[in-house]
Amino acid sequence: MKKNPHLGIVSDIAEYLHSSAPVASHDLALGAAIAVMSSFAAGRYVIQPEGMPEASVVTQSVMLLGEVGTGKGLTMVAVERLFQVVGDPAIASGFTTPETLWKHATKNPGLLWVLPNANHHSLAARDPSLEGKRPQPKQSDVLLELQSNTTGLDAVFYPLPIRDTKTQRFNRQAPVTLLAETTPQAMRERLPGWMEGSPFYGELLFVGAARHQRTRHATLSEDPSPALIAKLRELSGQRNSPEAVMVQLDEEAAKVYRALLGYCRFDVPAHEPDAVALLAERVLRVAALYAIGNDHRQPVVTKQLIAEALELVKWSREYARMGLQGSHARCFTELVADEVPTTH
């Protein structure tokens, strides 16, 4: 896998995940690396572009999408191995009650929740068309209760930063980052009915891979580089830091983001799903995670990072859009290319 120098340690993480899995895909490794970066960011970073009414926590959950044999599960195993090597405990694979999830989330700020295809869909809101005819996995109750109890779904996955009234500084709010995987068949059969009514699935970054994109490795990379381990351990040691760090946008990045936001608000056809939530906000989060990967002390989003994020996120929205409504004559990626020419 070729290293992308613009992405900092996100590229280093992706490179390790790709080289340490027997079957791997460039895009899946990058998607998983974004989730890992989100976990290590641990809610310590907030971003508020000009015109945004309130700051948002920089976090991004990821769904790996691909047929059986594309390396989704093996990539997730590599993620677990990375956490073991770094010695970071903020990773888990399943819970049976909201209380257990909340306990783990508060004990390990920035918890990475890894869920395989067999049970990821149990986190979605119940499909009303089922009418209780099909038994649901236990974890479905976790999400349903989170939606109704005092913690709330957003408090777990997408909390808002809290501003200290005396110092006017933001105090960190640590979200749970999800790394899940599914297949196109499950996407077609399960997600359309759930994505529209679920604030959970509406926030996911969908990263896909086809079988022809996979790479088989005869020799696997055993450990990450010492430099990567050192950087992740430094971030791990700051998980409990109480103060939030503001991610900045330089002038060119802010201009491109305003253009993207304007396009999403005014130029996307009415029959399309919410482009602001599924594209503009997602691009901002991914670009911010790239910026943190470059400099976690003073992260700055540049035009290049917006372009890098857009290249990945526009396909995420395409997957989500097809899952919601099926294909249309005009591809969303073509609309983006016409309206927001921020390509390399």
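Please read all numbers here as calculations on a predicted model, not as lab measurements.
Here the CH2-CG distance, from W315 to L310, works out to 11.5 Å after rounding to the nearest 0.5 Å. Here the CE atom belonging to M76 is positioned 13.5 Å from the CZ atom belonging to R81, to the nearest 0.5 angstrom. Taken from CZ in R265 to CZ in R258, the straight-line distance is 11.5 Å, to the nearest 0.5 Å. The CG atom of L228 sits 10.5 Å away from the CZ atom of R233 when rounded to the nearest 0.5 Å. To the nearest 0.5 Å, the span separating OG1 on T302 from OH on Y290 amounts to 11.5 Å. The CD atom of E80 sits 9.0 Å away from the CG atom of L179 when rounded to the nearest 0.5 Å.
Shown here for V79 and I91, the closest heavy-atom pair between the two residues is CG1-CD1, 4.2 Å. Taking both residues in full, the closest heavy atoms of R239 and F83 are given as NH2-CE2, 3.8 Å, listed atom of the first, atom of the second, then distance. Contact record, A14 with A33: N-CB, 3.6 Å, taken as the closest heavy-atom pair. Across every non-hydrogen atom of G208 and D27, the tightest pair is O-CB, 3.5 Å. The heavy-atom pair separating A32 from L17 by the smallest distance is CB-CD1, 3.7 Å. Nearest heavy-atom pair across N294 and P5 is OD1-O, 4.1 Å.
Residues satisfying the side chain to side chain donor-acceptor pair (under 3.5 Å) test with Q84, not counting sequence neighbours, are none.
The hydrophobic cluster around I229 extends to V85, counting ILVMFWY residues whose side-chain heavy atoms fall within less than 4.5 Å of a member.
A donor-acceptor contact shorter than 3.5 Å links the side chain of S316 to the backbone of F206. The backbone N or O of G66 lies less than 3.5 Å from a partner atom in the side chain of K72, making a donor-acceptor pair. Judged purely by atom type and a 3.5 angstrom limit, N108 has no side-chain atom pairing as donor or acceptor with the backbone of L111. Side chain of S241 to backbone of Q238: no donor-acceptor contact under 3.5 angstrom is found. Judged purely by atom type and a 3.5 angstrom limit, S11 has no side-chain atom pairing as donor or acceptor with the backbone of G8. Side chain of S39 to backbone of G110: a donor-acceptor contact under 3.5 angstrom is found. Side-chain N or O atoms of Y45 include none that pairs as donor or acceptor with a backbone N or O of L289 at under 3.5 Å.
Two residues are said to be in side-chain contact when any heavy atoms from C-beta on lie closer than 4.5 Å; L30 and V207 fail this criterion. Residues L312 and L205 meet the side-chain proximity criterion, which asks for heavy atoms closer than 4.5 Å. Counting only heavy atoms from C-beta outward, the side chains of D12 and K3 approach each other to under 4.5 Å.
Under a 4.0 Å N-O distance rule, the pair E252/K303 does not qualify as a salt bridge.
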**Study point:** Worked verdict on L232 versus D88 for side-chain contact (heavy atoms from CB on, under 4.5 Å)
**Key:** CA-CA 9 Å; L232 291 179; D88 193 296; over 6 Å; no
Exercise for review: Before giving the answer on side-chain hydrogen bond (donor to acceptor under 3.5 Å, both in side chains), spell out for R285 and S61 the whole-Å C-alpha distance, their side-chain angles and the decisive distance to 0.1 Å.
Suggested key: CA-CA 10 Å; R285 288 178 188 158; S61 291; over 6 Å; no
Exercise for review: Test H296 against K231 for side-chain contact (heavy atoms from CB on, under 4.5 Å), laying out the working first.
Suggested key: CA-CA 9 Å; H296 66 271; K231 289 178 182 178; over 6 Å; no
Exercise for review: Decide yes or no on side-chain contact (heavy atoms from CB on, under 4.5 Å) for H18 and E15, but give the supporting numbers first.
Suggested key: CA-CA 5 Å; H18 189 274; E15 188 176 13; 5.8 Å; no
Check your understanding: Step by step, would you call T70 with V23 a side-chain contact (heavy atoms from CB on, under 4.5 Å)?
Key -> CA-CA 7 Å; T70 51; V23 179; over 6 Å; no
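Under the side chain to side chain contact (heavy atoms under 4.5 Å, CB included) test applied with L260, the options L284, V313, L279 reduce to a single match, L279. The side chain to side chain contact (heavy atoms under 4.5 Å, CB included) test with V301 singles out one residue from V283, I292, D250, I47, and that residue is I47.
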